[in-house]
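Okay, so here's the structure we're looking at.
Computed from heavy atoms alone, side chains included, the values below leave out hydrogens, waters and symmetry copies. Residues take their numbers from the sequence shown, with the count starting at 1. Just so it is clear, the model here is predicted, and its values are computed rather than measured.
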Amino acid sequence: MTPHPDLKTVPDLKLPRYLGTWYEIARLPMKHEPEGCTDVSAHYSLKDNGHVAVVNRCRMGNEIEQADGEACPVDNDTARLEVSFLPKGLRWLPFTKGDYWVIQIAPDYSVSLVGSPDRKFLWLLARTPTLDRTTQEHYLAQARLQGFDLTELIQTPHTGHPTA
C-alpha cells in the first residue's frame, strides 16, 4: 500500500467558532456507526481542562443512541484532534484514540470536511441537517484531491426528527 502524502488541514482553525452542533451530511462507512443510523449529530463544547467534550447522537428506529467522548488538539493544532470514546478511566491506554482532522471549513463555519490522515474516515458536516448538492460536491471534490476514495460514501438520512 502506498503511503499518503500528509493530509492538509485548516491552517488556523478557530476552535471557539467550531464548537456547537453539527449534522452529518455524508460519511465513509465505519464500524462504530451502524449503517441504519439516521439523523446523526455531533455537539462539541469546551471543557475546563481545555479539551473538547464530544456528544455524538444518532437515531436507530425510535431510539436515540449516544456516544460521549473527549478530544484534544495534537501538537497544539486545533485542526488536528485526537478523539476517544472510551470510559474516562481507560482513555490513557495507547491506540484508543481516533484522528479527527479538519480538512476544510467554510468561511462562516457552516460546513466542515473532516478526515483521518490514513484516509479511512471522512465526514461532511453542516450546521443544518441539509446541504445543497453544489456545496456537497465542492467539499467532496476537496476530499478526492486529498486522496480519499469516495466509492462507498454514505449519504446520511435526516428524517425531520433531529437528535440535537
Side-chain angles (χ1 to χ4, degrees), residues 7 9-10 13-106 109-131 136 139-140 143 148-150 152-164:
L7 185 64
T9 56
V10 174
L13 184 76
K14 307 285 188 242
L15 192 56
R17 289 188 70 195
Y18 195 82
L19 300 175
T21 299
W22 291 91
Y23 296 90
E24 183 183 272
I25 303 301
R27 72 176 182 278
L28 287 178
M30 59 183 182
K31 63 182 176 196
H32 312 296
E33 190 173 318
E35 221 173 292
C37 267
T38 67
D39 305 288
V40 179
S41 65
H43 185 79
Y44 308 115
S45 58
L46 200 56
K47 298 177 70 160
D48 291 340
N49 65 2
H51 294 180
V52 177
V54 180
V55 178
N56 288 345
R57 291 188 180 132
C58 80
R59 185 174 298 283
M60 287 292 293
N62 292 327
E63 300 292 317
I64 293 179
E65 295 191 7
Q66 179 171 313
D68 297 305
E70 184 172 315
C72 55
V74 177
D75 299 326
N76 290 319
D77 183 348
T78 54
R80 295 177 183 208
L81 299 172
E82 280 186 337
V83 183
S84 175
F85 288 96
L86 286 177
K88 193 173 188 176
L90 297 175
R91 290 184 186 156
W92 60 271
L93 290 170
F95 312 113
T96 60
K97 292 179 169 63
D99 292 311
Y100 181 99
W101 290 17
V102 182
I103 303 166
Q104 191 174 20
I105 188 103
Y109 281 60
S110 63
V111 181
S112 177
L113 184 65
V114 178
S116 60
D118 61 7
R119 301 342 190 247
K120 290 181 182 176
F121 302 106
L122 183 77
W123 298 270
L124 177 58
L125 308 172
R127 295 292 188 175
T128 59
T130 59
L131 188 61
Q136 279 191 52
Y139 283 86
L140 295 175
F148 285 89
D149 178 357
L150 303 184
E152 295 186 37
L153 189 75
I154 297 168
Q155 294 286 326
T156 306
H158 287 274
T159 65
H161 300 92
T163 55

Student check: side-chain heavy atoms of L28 and L153 closer than 4.5 Å: yes

Contact check, side chains of V111 and L124, non-hydrogen atoms, under 4.5 Å = yes

* May I ask you to test the V114-L81 pair for a side-chain heavy-atom distance under 4.5 Å? => no

(message) Any heavy-atom pair between the side chains of Y44 and L19 that's under 4.5 Å?
(response) yes

Notebook entry, point to check: Any side-chain heavy-atom pair from C37 and R59 closer than 4.5 angstrom?
Noted result: no

Validation row: D39, P129 side chains within 4.5 angstrom (heavy atoms)
no

Review point. Taking atom CG of N49 as the centre, does the number of heavy atoms from other residues, nucleotides or ligands within less than 6.0 Å exceed 12?
Key: yes

Closest heavy-atom pair, P29 versus E152, reported as atoms and distance to 0.1 Å, is CD-O, 3.3 Å

Rounded to the nearest 0.5 angstrom, the OG-CZ distance for S116 and F148 is 5.5 Å

Rounding to 0.5 Å, atoms OG1 (T21) and CZ (R127) come to a distance of 7.5 Å

When rounded to the nearest 0.5 Å, the distance separating CD of E65 from SG of C58 is 5.0 Å

Correct closest heavy-atom pair for V83 and V54 would be CG1-CG2, 4.4 Å

Rounded to the nearest 0.5 angstrom, the CD1-OG1 distance for I64 and T38 is 9.0 Å

CD1 (I103) and CZ (R80) are apart, to the nearest 0.5 Å, by 10.5 Å

L46 and L15 have their tightest heavy-atom pair at CD1-CD2, 4.4 Å

Heavy atoms of I25 and A126 approach each other most closely as CG1-CB, 3.8 Å

Output for pair (H43 NE2, D68 CG), nearest 0.5 Å, gives 11.5 Å

Between T156 and R27, is the side-chain contact (heavy atoms from CB on, under 4.5 Å) condition met? List the steps. CA-CA 7 Å; T156 306; R27 72 176 182 278; 3.5 Å; yes

Between A71 and H51, the two heavy atoms sitting closest are O-CB, 3.3 Å

Could you walk me through whether L13 and D77 satisfy the side-chain contact (heavy atoms from CB on, under 4.5 Å) test, starting with their C-alpha distance in whole Å, then the side-chain angles of each, then the deciding distance to 0.1 Å, before giving a yes or no?
CA-CA 8 Å; L13 184 76; D77 183 348; 5.9 Å; no

Q. Does the Y109 side chain pair with the main chain of K14, one donor and one acceptor, at a distance under 3.5 Å?
A. yes

Closest non-hydrogen contact found for N56 with A42 is OD1-CB, 3.2 Å

From the list W22, W123, Y139, Y18, side-chain hydrogen bond (donor to acceptor under 3.5 Å, both in side chains) with S112 holds only for Y18

Any side-chain heavy atom of T163 within less than 4.5 Å of one from V40? no

Review point. Taking C-beta and beyond as the side chain, do V55 and Q66 meet within less than 4.5 Å on heavy atoms?
Key: yes

